[in-house]
Colleague: 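Here it is: the structure, laid out below.
Fair warning: this is a prediction, and the values are worked out from it, not measured in the lab.
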Amino acid sequence: MSPPLTLWHRARLATLADGDWSLIDDGALLTQGAHITWVGRARELPRGLAIEREYDLGGALVTPGLVDCHTHLVYAGCRATEAALRLSGASYEQIARAGGGIRSTVAATRAASEEALLQLAVQRARTLRSQGVTTLEIKSGYGLDLPTEARCLRVARRVQATLGMSVRTTYLGAHAVPPEFEGRRDDYIEAVCEWLPILHAQGLVDAVDAFCEHVAFTPAQIGRVFATARRLGLPVKLHAEQLSHQGGAALAASFSALSCDHLEYLDPAGIEAMRRAATVAVLLPGAYYLLRETRRPPVAALREAGVPIAVATDHNPGTSPTLSLPLMAHMACVLFGLTPLEAVLGITRHAARALGLHDRGCLAVGQRADLAVWALDHPNELCYWFGHLQPERVVIAGEVVA
């Protein structure tokens, strides 16, 4: 039996189909099952259709469902005390070297049961969904041993099953050195590489990430992880050039990375490598803001080179404890100089591309029927209002979920 043909009408559509707003006034959409089958002006709607369901949207603005392409959503514990220390002048490096930072979250996450982690992650993902997010990435990286990394990735898969959102899972074993490998960074990287095929065989890994930084891992160490991913046919991405220039972006691009993320210290050679590899630049204004950074990502140079720019929450307990993707779009405009169009493309089309997904991020025939319905006049208002913006409806795969 075929899924019902559904009409969504009396809407202003921001289709984003041509890399601009591509607005359609008095627009309508037809969806069947999980996909869009027709887009256009209501008066041009084909006649004689057997429409089984109908939604009058009352003149609301409709955008593609939002895509959060960088989150660390599965963890236990809270690091508000570290945030207070940072406000008193402690640096990222000082907190990490004193045993705080990622390691403190690792300890709390290892101690948490799978059900407890699921409850926390679903609560966070539900908040993202309420603000228009229909697809998100969830990284591991707060286990740093095989059992807990597997537990976190299973939880990420269960978030999708629980909420209906599309979830892409990313293995971030190379996030930090756990206490049991103190002083043995290379040995830990060897373990990360050994765990990857095991996790992949369990169907838990969609992509592989790493943290390339002087407080984390060197390009040579990350190259070993990426080579393992390549042998398994898994795409890679990288936390690159956040606190210093390490050449991580160029390394990631040499592996045809889906994305390089953060990028405050990205240099021209890294930009050119990303351009050649069609690697997406993912900007994370939440971490930039909380860390009180002053060096901005080179947005003008990325724009000139034609590197696609995405924006994400980077939700994590230490440096970006936000659950509002529209707020990140606003901050990307104010702090980094993106235009509203660039920011909205950055949380839709380009964010989907950063996950290797080409079936969402715009309103067009054949795309997934993931929609956000807003009481707004123009999509640039997504980057104007901040702190309270929520859609009237969220639609995932053709079904209203919020």
Colleague: Using only heavy-atom distances, determine whether the side chains of Ser244 and Gln246 contain a donor-acceptor pair under 3.5 Å.
Modeller: yes
Colleague: Tell me, with the steps shown, if Arg41 and Asp26 meet salt bridge (Lys or Arg N to Asp or Glu O under 4.0 Å).
Modeller: CA-CA 6 Å; Arg41 298 188 187 281; Asp26 190 25; over 6 Å; no
Colleague: Using modelled atom types and a 3.5 Å cut-off, is there a donor and acceptor pairing between side-chain atoms of Ser320 and backbone atoms of Asn316?
Modeller: no
Colleague: For residues 187-207, which side-chain N or O atoms pair as donor and acceptor with protein atoms under 3.5 Å away, sequence neighbours left out?
Modeller:
unit_1 : atom_1 : unit_2 : atom_2 : d
Asp187 : OD2    : Arg184 : NH1    : 3.3
Tyr188 : OH     : Gly173 : O      : 2.7
Glu190 : OE1    : Arg224 : NH2    : 3.0
Asp206 : OD1    : Arg157 : NH2    : 3.2
Asp206 : OD2    : Arg157 : NH1    : 3.0
Asp206 : OD2    : Thr169 : N      : 2.9
Asp206 : OD2    : Thr169 : OG1    : 3.2

Colleague: In plain terms, say whether Arg368 and Asp359 are close enough for a salt bridge, that is, a side-chain N and a carboxylate O under 4.0 Å apart.
Modeller: no
Colleague: Would you please indicate yes or no on a ring centroid separation below 6.0 angstrom for His330 and Phe386?
Modeller: yes
Colleague: More than 12 heavy atoms of other residues, nucleotides or ligands under 6.0 Å from OH of Tyr289: yes or no?
Modeller: no
Colleague: Taking the basic N atoms (NZ, or NE/NH1/NH2) and the acidic carboxylate oxygens, is any pair closer than 4.0 Å for Arg154 and Glu149?
Modeller: no
Colleague: What pairs with Arg185 under salt bridge (charged side-chain N to carboxylate O under 4.0 Å, His left out), at least two apart in sequence or on another chain?
Modeller: none
Colleague: Below 4.5 Å, heavy atoms only, C-beta onward: do Leu335 and Tyr288 meet side chain to side chain?
Modeller: yes
Colleague: Quick one: sort the His175 and His72 rings into parallel, tilted or perpendicular, breaks at 30° and 60°.
Modeller: parallel
Colleague: Apply the test side chain to side chain contact (heavy atoms under 4.5 Å, CB included) to residues Ile347 and Met328: give CA-CA distance (whole Å), side-chain angles for both, the deciding distance (0.1 Å), then the verdict.
Modeller: CA-CA 9 Å; Ile347 58 175; Met328 295 302 99; 5.9 Å; no
Colleague: Walk me through it: do Arg86 and Thr319 pass the test side-chain hydrogen bond (donor to acceptor under 3.5 Å, both in side chains)?
Modeller: CA-CA 10 Å; Arg86 195 173 290 115; Thr319 61; over 6 Å; no
Colleague: State which residues pass side-chain contact (heavy atoms from CB on, under 4.5 Å) with Ser113; sequence neighbours excluded, sorted by chain then number.
Modeller: Glu115, Ala116
Colleague: Under a 3.5 Å threshold, yes or no: a donor from one side chain and an acceptor from the other, between Thr134 and Arg129?
Modeller: no
Colleague: Going by salt bridge (charged side-chain N to carboxylate O under 4.0 Å, His left out), name the residues that satisfy it together with Arg275, two or more places apart in sequence or in a different chain.
Modeller: Glu272
Colleague: Evaluate ring pair (Phe, Tyr, Trp, His ring centres under 6.0 Å) for His315 paired with Tyr75, printing each intermediate quantity in order.
Modeller: CA-CA 11 Å; His315 175 81; Tyr75 62 88; 5.7 Å; yes
Colleague: Judged by modelled atom types alone, do Thr135 and Arg168 share a side-chain donor-acceptor pair under 3.5 Å?
Modeller: no
Colleague: Does the side chain of Leu382 come within less than 4.5 Å of Leu389's, by heavy atoms?
Modeller: yes
Colleague: Do Asn380 and Leu341 have side chains that approach each other closer than 4.5 Å (heavy atoms only, starting at C-beta)?
Modeller: no
Colleague: Within the 3.5 Å criterion, strictly below it, is a donor on His239 or Asp209 matched to an acceptor on the partner's side chain?
Modeller: yes
Colleague: Would you mind reporting whether Val208 and Leu232 have side-chain heavy atoms less than 4.5 Å apart?
Modeller: no
Colleague: Is it the case that atom CD in Glu44 sees more than 12 heavy atoms from other parts of the structure closer than 6.0 Å?
Modeller: yes
Colleague: Can you pull the side chain to side chain donor-acceptor pair (under 3.5 Å) pairs that have at least one residue in residues 298-313, sequence neighbours excluded?
Modeller: Asp68-Thr313, Arg303-Glu342
Colleague: Checking salt bridge (Lys or Arg N to Asp or Glu O under 4.0 Å) for the pair Asp145/Arg110: CA distance, chi angles, key distance, verdict?
Modeller: CA-CA 9 Å; Asp145 61 24; Arg110 286 180 174 182; 3.3 Å; yes
Colleague: Any side-chain heavy atom of Ser104 within less than 4.5 Å of one from Arg79?
Modeller: yes
Colleague: Can you see whether Glu54 engages His9 through a side-chain donor-acceptor pair at a distance of less than 3.5 angstrom?
Modeller: yes
Colleague: Side-chain polar contacts of residues 12-24 - donor-acceptor pairs under 3.5 angstrom, sequence neighbours left out - could you list them?
Modeller:
unit_1 : atom_1 : unit_2 : atom_2 : d
Arg12  : NE     : Asp25  : OD1    : 2.5
Arg12  : NH1    : Asp377 : O      : 2.7
Thr15  : OG1    : Ala17  : N      : 3.3
Thr15  : OG1    : Ser22  : O      : 3.0
Asp20  : OD1    : Ser22  : N      : 3.1
Asp20  : OD1    : Ser22  : OG     : 2.4
Ser22  : OG     : Asp18  : N      : 3.4

Colleague: For Thr71 and Glu137, which I'm curious about, is there any donor-acceptor pair between the side chains at under 3.5 Å?
Modeller: no
Colleague: Got Thr322 and Leu327 here, is their nearest side-chain heavy-atom distance under 4.5 Å?
Modeller: yes
Colleague: May I ask you to establish whether Arg231 and Phe226 are in a cation-pi arrangement, using a distance under 6.0 Å from NZ or CZ to the six-membered ring centre and at most 45° from the ring axis?
Modeller: no
Colleague: Report yes or no: do Gln32 and Ser2 form a side-chain donor-acceptor pair below 3.5 Å?
Modeller: no
